[in-house]
Amino acid sequence: MRTFCFFLLLFVAVLCVAQTAPSSSSSAEAPKEIPSFDLSAIDKTIDPCVDFYQFACGNWIKNNPIPADKSAWARYSVLAERNRYFLRDILEQTQAPGQHSAIEQKVGDYYAACMDETTIEKRGAEPIASSMSAIAAIKTKPELIQRIAAQRDGIGALFIFGQMPDMHDSRQTIANLDQGGLTLPDRDYYIKVEAKSVETRQKYLQHVQKMFELSGDKPDVAAAEARTVLAIETGLAEPSLDRTARRDPKTRDHMMQTAEAVALAPNFQLTGYFADSGAPKFTSLNVSNPDFFKEVNQKLSSASLDDWKTYLRWRALDTYAPILPKAFVDEDFQFNGAYISGQKEIEARWKRCVRSTDLNLGMALGQLYVDKTFGPEGKERTLKMVQAIEAAMHQDIGQLTWMSDTTKQKAYEKLNAIVNNIGYPDQWRDYSTVVVKRDDYAGNVTRARAFEVQRQRNKIGKPTDKRDWDMTPPTMNAYYRANMNDINFPAGILQPPFYGKTADDAVNYGAIGVVIGHELTHGFDDQGRKFDADGNFNNWWTPEDGKAFEGRASCIADEYSGFVAVKDDKGEVKLNGRLTLGENTADNGGLKLAYMALMNIIGNTPVKTIDGYTPQQRFFIAYGQVSCQNVTDQQARTWAIIDPHSPGRWRVNGAVQNSAGFAEAFGCKAGQPMVRESACRVW
Ligand SMILES: [Zn+2]
C-alpha cells in the first residue's frame, strides 16, 4: 500500500494523535484552541520577502519552546494535543462505573488496564514469559520460521508478510513479502560510517544490553547478545533497499508464483510459513525486494541457530517494552525518546494510554470521538472546499503549456475518478472478537494486535476494500492512496488551526485548503503520476510529457537539496531532495491550487483588509503559520533520514519562493530571497 500523509507517521506508530479536556485526575489543562491566523505569532521586524517563515512565525517560535515531553512542537501540535485531552475525557468517562455501550465498555476497560500500573508492576516480566520460553524451546531452523509465523502479537522479525492491492489490478488484494526485521529507524543507521552513526550504534549496543539484563541475563552475557543482535540486524540492513529508491513503485513490483518465491529463498521455508501464518491460501504474490530474500537466505544458514534465537528474543523484548513494568518502559524511553529524538521527559502515563487505545482500538474510540465532535455539517463544509479545489486543479491542468492534450485527457480522467473520504469511514470496524480484560494490559495489546494482523491477512485473495481507512478519525493528518486513488481527511484535522468555522475564506484556504490541494497533488507527484485513474501502476503519459514532467520535478529536487535540515556540533545535514520530492511537489501544488480556488471565490470583489492584511496576504500567512515549529537537533537529524516531508521552515519558504501569487501579494521583487530566480513549477 502506498499512502502519502500530510505529516509523518512516526515509526513508533503511537506518535500520531491529538488531545483535550480537563478531568479530576489531570494535573495539566488542555491547551486552548488556536486560530489559523495569529497576529501575535508574526515577527514584524522581518521582511516577508527576505524570510517569510521567520516573518509569519518568528514570535511564535520565540514564545513556544518544546515541552519537556515532546521532541518537536508546532502550532499544529496544539491541535493534536487538544484531541488527546478530548480522548482522555471520553476514556475516563467510559472507564468509570456506570451504564456503558459495548464499545464504551471495551475502550474504557482497555484504558483502565493501561492506567493500572500497580497490576502491571506486580506482574513484572510475566506477560512476555511465554514468548521467551517458546523461543528458548526452538531446536531447529525450520522451527525458528514456525515461531515467526506463530507470532501474531505484533513482533516484527526477519521480514514483513502482509497484503496490498495488486499493483496492476487494484481491485484485487494480494499477498506481499517485504524486507524488514530492523529495530533502528532506518537501514542507514546500521550502514553509515560517519561519527554520528557510529555513536548511535554504540548507544544501541548499550541499550540492547540493558534490556537483556532487565530480562534476567548477566551483564557479560547480555553484552554478547547485544553484539549478536547488531550483527544480525546489520545483515538485514545491507540488502534492504533505501527509502529513496523504494519511492519508485518499479523497485517494488515483482509479482511471482508462490512456488517461485519459495524457491527464491528456500531457507525461509515459505510453504510452511504461509500455512502457519493464518492467511487464506494463495498461488501468487508480490515480493517487494527479491534481493533481500536471496541474501538473507544465505545468512539464515551461515548464522547459528543460537544467534537467530537471540535476535528473536530481542525483537520480542523491544516490542513488549512499552507495555511492561516501568524499568522496561524507562529504558525504552532513554534510547528511543531521549537519545534518538531528544525528548527530555517521557509523556504522562495517560497520554501514552490514550495513544495506545487509539493505536489498538482506534476505530472504536474514534466512533465515540466522532459522535461528540463531528456532525454531518462538518462533512458538508469540507466537501465543498474539496470540490472547489478539484475545480481549480481541472482549470490548472487546462492551462499547462508543457502538457499535450492527449495526456491532459488522461489527467482529467484521473482527477475526476478521485474519491473523497471525509471525517470517518461509512462502516465502523467490529472489535467484538477482541477480548479486553481490566487486569491484563499486555494481553489486551497482544490480542488487539493479533486481531489486526488477522484482519489484514484475511484481505488476501479478496476484492480490495476501498472503504477501509488507514487512519483513525481523531488523527490529525490526511492522506492520499495511489492504489485507491482516494483522498482522506480524518475528523481530527478538520479543526483550528486547519479549519475554523468562523475564519474567513482566505485563512481556511491557506490552511486546510492547502492540505486538500496537497493530497490531490499526490495523485500527480513524481510517483503518484505513475498510477492511473483506477489506482493501477500504469503509464498514461506520452513520452514527451513524461520527460517534461521529470525536468520540472528535478527543479524541485535540486531546490530542496540545498536546504539545511540541521546544523549542530555533530555537523550539518542537508535535506534529501529526492526523498522529499513527492511531499515538496505536493506542498507546491497544494499552495497553488488552494490559491487558485480562493481567487475564484474572491473574483473581482473589492479587496477588504482584516488586521491590516489583504485576503491574499492572509492566505499565505495562514499557510506559513500552520507549520511554525521548534524541533530538537536529534529529532531534526532523524527526520532528515526518515521523513519524506521537509521541516516547517522549508515547507513554507521552499514553496512560497516558487509562487508568483506570493510575490504579488507581498510586493516582493526579483532578486529578493523569497523570489526564486528560476522558479520551479510542476503543477
Ligand atoms: Zn503528503
Side-chain angles (χ1 to χ4, degrees), residues 1-11 13 15-16 72 74 76-77 79-80 243-244 246-249 382 385-386 389-390 393 414-415 418-422 469-471 475-490 492-494 497-499 510-531 535 553 556-557 559-560 563 565 575-594 623-624 626-627 629 639-652 654-656 658 680 682-683:
M1 177 81 68
R2 297 308 286 163
T3 300
F4 303 94
C5 308
F6 193 74
F7 301 112
L8 175 69
L9 282 164
L10 291 176
F11 53 94
L15 277 175
C16 205
Y76 59 72
S77 310
L79 170 58
R243 246 166 236 280
T244 305
R246 278 174 68 83
R247 294 190 62 245
D248 185 349
T382 312
M385 284 183 82
V386 171
I389 292 165
E390 284 175 343
M393 182 149 211
K414 178 163 184 178
L415 175 61
I418 289 178
V419 173
N420 306 315
N421 295 319
I422 293 158
W469 281 54
D470 293 351
M471 285 179 190
T475 307
M476 188 210 67
N477 208 332
Y479 59 99
Y480 170 80
R481 294 185 292 196
N483 308 99
M484 312 276 191
N485 197 25
D486 63 7
I487 52 176
N488 305 265
F489 302 92
I493 198 173
L494 302 172
F498 292 95
Y499 183 83
I512 193 71
V514 177
V515 178
I516 295 167
H518 172 108
E519 300 307 335
L520 271 179
T521 306
H522 270 314
F524 304 86
D525 71 19
D526 65 313
Q527 304 306 329
R529 78 174 188 92
K530 297 173 180 172
F531 292 81
I556 291 196
E559 176 192 352
Y560 285 78
F563 296 148
L575 289 188
N576 175 345
R578 286 280 161 192
L579 174 65
T580 56
L581 178 54
E583 296 300 337
N584 297 333
T585 304
D587 280 345
N588 279 269
L591 191 66
K592 162 98 184 164
L593 298 175
Y623 171 66
V626 159
S627 292
Q629 190 182 44
W639 280 346
I641 297 170
I642 65 167
D643 191 353
H645 304 87
S646 297
R649 172 176 297 276
W650 303 120
R651 288 191 86 158
V652 176
V656 300
N658 294 320
C680 301
V682 179
W683 299 103

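These numbers come from a predicted model, not from an experiment. In listed order, ligands and their atoms are each counted from 1.
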Metal check, the Zn ion (ligand 1) vs C5 N/O/S, cut-off below 2.8 Å: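 Coordinating: yes.
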
Side-chain donor/acceptor of Q629 to backbone N/O of G648, under 3.5 Å: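 It does hold such a pair.
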
Any donor-acceptor N/O pair, Y623 side chain to V514 backbone, under 3.5 Å: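 It does not hold such a pair.
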
Nearest-0.5 Å distance that lies between atom CD1 in I641 and atom OG1 in T244: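 So the CD1 of I641 and the OG1 of T244 are separated by 11.0 Å.
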
E583 atom (N/O/S) at minimal separation from the Zn ion (ligand 1):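 Checking each N, O and S atom of E583, the shortest distance to the Zn ion (ligand 1) belongs to OE1.
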
Considering only N, O or S atoms of H518, the one closest to the Zn ion (ligand 1):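 Result for H518 and the Zn ion (ligand 1): NE2.
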
Sequence-distant partners of R578, salt bridge (charged side-chain N to carboxylate O under 4.0 Å, His left out), two or more places apart: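 Testing R578 for salt bridge (charged side-chain N to carboxylate O under 4.0 Å, His left out), a comparison that skips the adjacent residues, returns none.
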
